[in-house]
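Inspection log for the structure reproduced underneath, given as structure tokens.
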Protein chains: 2
Amino acid sequence: MGDVKSKRVPRAVREQQMMDAAVLTFARRGYRAASMDEIAEVAGVSKPLVYLYLNSKEELFSAVIRREAAALVAAVRAAVEAGAPADRQLWSGLQGFFAHTAEHPDGWAVLHQQARTHGEPFALEVAAMRAEITEFVIGLIGAAAREAGCDENLAEREVSGLSHALVGAAESLAEWANARPADTRPSAKETAATLMNFAWTGLGPLMSGARWAPGG
Amino acid sequence: MGDVKSKRVPRAVREQQMMDAAVLTFARRGYRAASMDEIAEVAGVSKPLVYLYLNSKEELFSAVIRREAAALVAAVRAAVEAGAPADRQLWSGLQGFFAHTAEHPDGWAVLHQQARTHGEPFALEVAAMRAEITEFVIGLIGAAAREAGCDENLAEREVSGLSHALVGAAESLAEWANARPADTRPSAKETAATLMNFAWTGLGPLMSGARWAPGG
């Protein structure tokens, strides 16, 4: 019966179901402990079918990382208010980021923890996604500097450093928010506001020439 | 001759030499590709001696992570100007952090990349170090809030979120700084200043009640 049913489902749909099951299983069990048996069971298909479609646990994990990374980048890009002032673009992008990581905690766990914890080939996939998001933030901070007319004062190196700081802060905050018990977990908007207060209330004065200096 | 010489070196000193060689080899080759042969060669000892002292590649890697994590935490703690206002404590702590990660790029690569990329037992060691540093930052931000008299306004959750953002930003900046070509690499003090400008020029107004708000 199972076999008859699986023949009716198009391959592309079946593959997505297997990947959904894999995300859940990798996030909860960890990459090493996750078995193809369990993934097949969660997906409601036979183990040979998983191997037939996705070859091996390594290839399934790679496919899952690529899919989840693409979904996260797409969510951030879709959320950004194009054409708005830089702070609003950042605010909308951060809301998109934290909404996506909150709604897909298993996908985020796979990207942020599992993919970076099981060897270079997987970690490199995540590094590529991170580089794409960082480039986007570099563009935003550069635009903010131009808007504030302080283009000259912020060197390329400073903008690059600030962007890496912001991306690291966002990743760390998403992990922190998802790890909190449900009754004290901030909403995606609240987490985005925490980071805007940290980053923009700071980046804002910075663009206007403010610098922190050691006091007396 | 080598054997005669190695008998003259106390075991504790020998172990440190092996761990120095291991840090260098793990950071440059990656955990998986690093061989005990190469580590022994770099340390200038025989491979059986490495196994005799440190049992296995896994145990050697664990020992290296514990040693490097303890050294980093100790460097930060030693750098902090105890009793100073919170922003100076943070500034001195950040300088200690970035000085240590710049002076020990291999140790930092092992902690930040290798240890998180090769399975849960190693990643958990780093998570413990991170938790210790985050607790320290939570204490600092809490102290800054009290100094600014806004203890009531910043909830525990906000302080915790800001601290995780700051730690994530610092980790990301250290990785960024070490990855830059030597001729454009900022000094530890410059990197610390980038983060102070990002975090404190932001956290400072935040403590005085400033909040970022979406504009019209």
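Every chain is numbered from 1, with letters handed out A, B, ... down the list of sequences. Here the structure is a predicted model, which means the values were calculated and not measured. Keep in mind that the numbers below use all heavy atoms, side chains included, and drop hydrogens, waters and symmetry copies.
Considering only heavy-atom pairs separated by less than 4.5 Å from chain B, the leading option among A:Ser92, A:Ala177, A:Ser160 is A:Ser160.
Here CD of A:Glu171 is found 9.5 Å from CD of B:Glu171. Values are rounded to the nearest 0.5 Å. Interatomic distance, A:Arg180 CZ to B:Arg157 CZ, rounded to the nearest 0.5 Å: 6.5 Å. Interatomic distance, B:Leu162 CG to A:Leu173 CG, rounded to the nearest 0.5 Å: 7.5 Å.
Residues A:Gly161 and B:Thr194 approach most closely at C-CG2, 4.3 Å, considering heavy atoms.
Within 6.0 Å of CD in B:Glu41 there are 12 or fewer heavy atoms belonging to other residues, nucleotides or ligands. Residue B:Gln17 qualifies as enclosed at atom CD: its count of foreign heavy atoms under 6.0 Å is above 12.
When heavy atoms are compared at a cutoff of 4.5 Å, B:Pro85 does not approach chain A at all.
A heavy-atom distance below 4.5 Å is not found between the side chains of B:Glu158 and A:Phe198.
At distances below 3.5 Å, at least one donor-acceptor pair connects side-chain atoms of B:Ser172 with backbone N or O atoms of A:His164.
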